[in-house]
Amino acid sequence: MTAAWTRKEGKNPKGGLNAKHGASHEAETGGTLTAPAKVGDKPRRACFLARIGGMPGPMAENGKPTRLALALRAWGASSKEDARAKASAISARNKS
């Protein structure tokens with residue numbers, strides 16, 4: 001059987017992954033996942049926003065938001081451009 005994060009049962013309907021994903025990852029690799037840094041000026045949030053802001057693909061399909069759009073919304077960005085802008089701003093604040 002494939003890992004939970006690759007199947008529907010490991011995905012959160014609001015975007016991102018769920019507890020089954022974490023358990024699957026731990027069972028496969030022996031490692032643990034840290035909680036997401038969805039708010040604040042954490043470097044991990046800036047990295048994620050920059051990375052996902054550059055991903056190809058549509059924000060909506062058949063009138064429904066894609067998983068990309070759901071993830072951006074969950075991390076506080078309204079679009080790919082907004083994600084890139086927030087990542088730059090967070091990085092600039094962290095450097096100063």
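We count residues from 1, following the sequence as given.
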Worksheet item: At what distance, to the nearest 0.5 angstrom, does NZ of Lys38 lie from CG of Leu49?
Response: 11.5 Å

Item to complete: Working to the nearest 0.5 Å, report the span between CG of Leu70 and CE of Met59.
Response: 9.0 Å

Worksheet entry | Contact summary for Ala46 and Ala87, nearest pair of heavy atoms | O-CB, 3.3 Å

Discussion item. Tell me whether Met55 shares a hydrophobic cluster with Leu72, the cluster being built from Ile, Leu, Val, Met, Phe, Trp, Tyr side chains joined at under 4.5 Å.
Written reply: yes

Response to the item:
Closest heavy-atom pair, Ile90 versus Lys42, reported as atoms and distance to 0.1 Å, is CG2-O, 3.9 Å

Worksheet item: What distance separates Lys86 NZ from Ser78 OG, expressed to the nearest 0.5 Å?
Response: 6.5 Å

Worksheet entry | With Ser88 via side chain to side chain donor-acceptor pair (under 3.5 Å) - residues at least two apart | none

Worksheet item: For the atom pair CD1 (Ile52) and NZ (Lys80), what is the distance rounded to the nearest 0.5 Å?
Response: 9.5 Å

Worksheet item: With side chains defined as the heavy atoms from C-beta onward, is the minimum distance between Arg45 and Phe48 less than 4.5 Å?
Response: no

Worksheet item: Do the side chain of Asp41 and the main chain of Asn94 share a donor and acceptor less than 3.5 angstrom apart?
Response: no

